[in-house]
Amino acid sequence: MENNPRYLAIQILCTRQETKEPIDALMEQVLQKTELADSRDNQLVMAVVYGVLRWQRFLDSILADFSSHPLKKMKPMTLQALRVGLFQLCFMDRIPPSAAVNETVKALRSAKQPKWLTGFVNGILRTITRELAPLPDPWKDEKRPVPVRFSHPDWLYKRWSKRYGEMEATSLCMTNNRQPHLCLRIHTEKCDLDLFLEKMAAQAIPCFPGKFSPNALILQDYKGQISALPGYTEGLFSVQDEGAQLIPSLLAPFHSGKYLDACAGLGGKTLQLADMLPDTCTLVAVEPNDSRFKLLRDNIERSNTTFPITTLKGELQTFSRKTTDLYQGILV
């Protein structure tokens with residue numbers, strides 16, 4: 001049961017629906033304690049989970065057309081299984097429709113769901129496959145309203161339409177729902193960007209410099225493990241979106257004293273601040289989530305930074321009540 005990637009995706013989505021915990025932390029917890037038969041299954045789980053969340057409203061609009069039972073009254077596992085199956089049908093063209101349906105139903109059987117329920121899920125997915133050929137494509141399906149096609153809330157689309165016009169609002173929705181390319185921040189104090197590009201070229205990994213951040217490198221179609229990239233063990237880079245790389249510079253100009261990363265997460269901005277701050281500064285990083293805090297510590301250790309960083313696990317509210325320190329800059 002636990003070796004079935006569709007089952008894992010369904011379980012992660014159910015847990016997230018129940019707990020509202022950050023999805024990346026939930027996924028990390030599950031994948032760390034699960035040994036999948038094929039290393040590519042990890043990527044399948046991630047692609048399905050993020051894909052279902054990215055396209056949930058679009059998927060639900062299709063499911064509602066074919067289900068006699070209201071989606072809001074379905075058990076979480078049933079609804080998430082339908083979303084997982086339909087996402088594969090609509091967006092994963094390398095998976096044959098029959099395999100997408102069969103493997104999703106198999107995941108429910110592995111979870112010991114009753115026969116009538118697996119039959120219900122199987123019936124809806126097969127009916128959609130049969131009656132909607134070709135399957136709906138949000139980029140082409142002009143029958144559905146824009147916020148439904150691109151899975152945005154109505155209020156946000158209306159606000160953008162009022163501010164920027166409908167064409168620009170539609171463009172924003174479309175851009176938001178495109179899967180981003182992998183982006184690295186090169187630690188240029190350790191490795192020049194041009195030298196890192198040479199390392200990537202030597203391993204035939206296509207990449208190009210970012211558009212906005214001087215230390216960004218975009219990997220457009222990389223499918224491998226992050227740990228397999230050159231310079232990983234030496235701490236030559238961090239995985240960090242280009243927009244996120246621009247944020248720490250908002251604290252400039254920097255002055256001697258203490259700085260606080262109040263929501264450290266995995267440490268991307270923490271390490272970037274450590275690279276940017278003068279030697280006369282110190283840095284405190286606060287993170288409440290157990291798995292994220294562990295990864296924060298691991299990433300700082302892997303970076304081999306000599307900059308003084310104090311890591312604290314706990315809620316920011318608790319920390320703010322206990323500390324008497326004042327900070328030159330606080331990143332939240």
Side-chain angles (χ1 to χ4, degrees), residues 24 28 175 178-287 292-312 327-332:
D24 53 347
E28 191 73 35
T175 302
R178 291 189 189 278
Q179 188 169 347
H181 300 305
L182 176 64
C183 183
L184 308 180
R185 181 180 68 84
I186 308 306
H187 299 174
T188 49
E189 76 288 351
K190 294 182 180 178
C191 182
D192 180 79
L193 185 63
D194 291 335
L195 179 60
F196 196 88
L197 282 165
E198 290 177 14
K199 289 176 179 286
M200 300 291 273
Q203 293 196 20
I205 301 174
C207 60
F208 54 90
K211 200 175 190 179
F212 305 103
S213 170
N215 301 333
L217 196 65
I218 311 294
L219 282 66
Q220 193 161 351
D221 295 307
Y222 184 70
K223 305 293 187 204
Q225 298 288 328
I226 302 298
S227 56
L229 289 171
Y232 175 81
T233 53
E234 299 96 319
L236 300 187
F237 66 84
S238 300
V239 176
Q240 191 177 18
D241 288 337
E242 194 169 4
Q245 294 184 31
L246 302 177
I247 293 171
S249 60
L250 296 173
L251 290 181
F254 299 109
H255 304 283
S256 297
K258 295 183 177 181
Y259 284 79
L260 172 66
D261 186 350
C263 306
L266 307 186
K269 299 181 193 71
T270 308
L271 288 168
Q272 190 174 357
L273 278 172
D275 293 344
M276 299 171 74
L277 290 171
D279 293 338
T280 53
C281 295
T282 57
L283 179 59
V284 176
V286 178
E287 171 55 40
R292 285 188 177 206
F293 184 76
K294 181 182 182 304
L295 289 168
L296 168 67
R297 297 288 298 270
D298 291 345
N299 287 333
I300 291 174
E301 185 177 350
R302 183 175 60 83
S303 75
N304 296 316
T305 182
T306 57
F307 191 87
I309 303 174
T310 301
T311 55
L312 298 172
Y327 294 90
Q328 292 284 3
I330 299 174
L331 184 61
V332 182

Open item on the list: I'd like to check Glu287 versus Thr270 (side-chain heavy atoms, cut-off strictly below 4.5 Å). Are they in contact?
Closed with: no
Looking only at heavy atoms, the pair that brings Cys183 and Ala216 closest together is SG-CB, 4.0 Å
Heavy-atom closest pair (Ala285 atom, Ala264 atom, distance to 0.1 Å) is CB-CB, 3.8 Å
With a 4.5 Å cut-off on side-chain heavy atoms, are Glu242 and Ile218 touching?
yes
Do Leu219 and His181 come within less than 4.5 Å of each other through their side chains, counting heavy atoms only?
no
Could you pull out every donor-acceptor pair under 3.5 Å between side chains of residues 230-241 and any protein atom, sequence neighbours left out?
from: Ser238; atom 1: OG; to: His187; atom 2: NE2; distance (Å): 2.8
from: Gln240; atom 1: OE1; to: Arg185; atom 2: NE; distance (Å): 3.1
from: Gln240; atom 1: NE2; to: Gln272; atom 2: OE1; distance (Å): 3.2

Side chain to side chain contact (heavy atoms under 4.5 Å, CB included) filter on Ala262, not counting sequence neighbours, yields Leu260, Leu316, Ile330, Val332
CZ (Arg297) with more than 12 external heavy atoms under 6.0 Å: no
Residues pairing under side-chain hydrogen bond (donor to acceptor under 3.5 Å, both in side chains) where one sits in residues 194-210, two or more places apart or in two chains, turn out to be none
Residue pair Leu273, Phe307: steps toward the side chain to side chain contact (heavy atoms under 4.5 Å, CB included) verdict
CA-CA 10 Å; Leu273 278 172; Phe307 191 87; over 6 Å; no
Check your understanding: Any side-chain heavy-atom pair from Leu184 and Leu229 closer than 4.5 angstrom?
Key -> yes
Of all heavy-atom pairs linking Thr280 and Ser256, the shortest is OG1-OG, 2.7 Å
The side chain to side chain contact (heavy atoms under 4.5 Å, CB included) partners of Lys258 (sequence neighbours excluded) come to Thr282, Asp325, Tyr327
CG (Leu193) and CD1 (Ile186) are apart, to the nearest 0.5 Å, by 6.0 Å
The reported gap from CG in Leu312 to CG in Asp261 (rounded to nearest 0.5 angstrom) is 11.5 Å
- Is there side-chain contact between Gln245 and Phe212, with at least one heavy-atom pair below 4.5 Å? no
Intermediate values then yes/no, side chain to side chain contact (heavy atoms under 4.5 Å, CB included), Leu182 and Ile226
CA-CA 10 Å; Leu182 176 64; Ile226 302 298; 3.7 Å; yes
Looking only at heavy atoms, the pair that brings Thr305 and Ala274 closest together is OG1-CB, 4.3 Å
Across all chains, not counting sequence neighbours, the side chain to side chain donor-acceptor pair (under 3.5 Å) partners of Thr310 are none
Contacts of Gln328 meeting side chain to side chain contact (heavy atoms under 4.5 Å, CB included) (sequence neighbours excluded), chain-then-number -> His255, Tyr259
Of all heavy-atom pairs linking Leu217 and Cys207, the shortest is CD2-SG, 4.0 Å
Rounded to the nearest 0.5 Å, the CG atom of Leu295 sits from the CG atom of Leu266 at a distance of 5.5 Å
Between the CZ atom in Arg302 and the OG atom in Ser227, the distance rounded to the nearest 0.5 Å is 9.5 Å
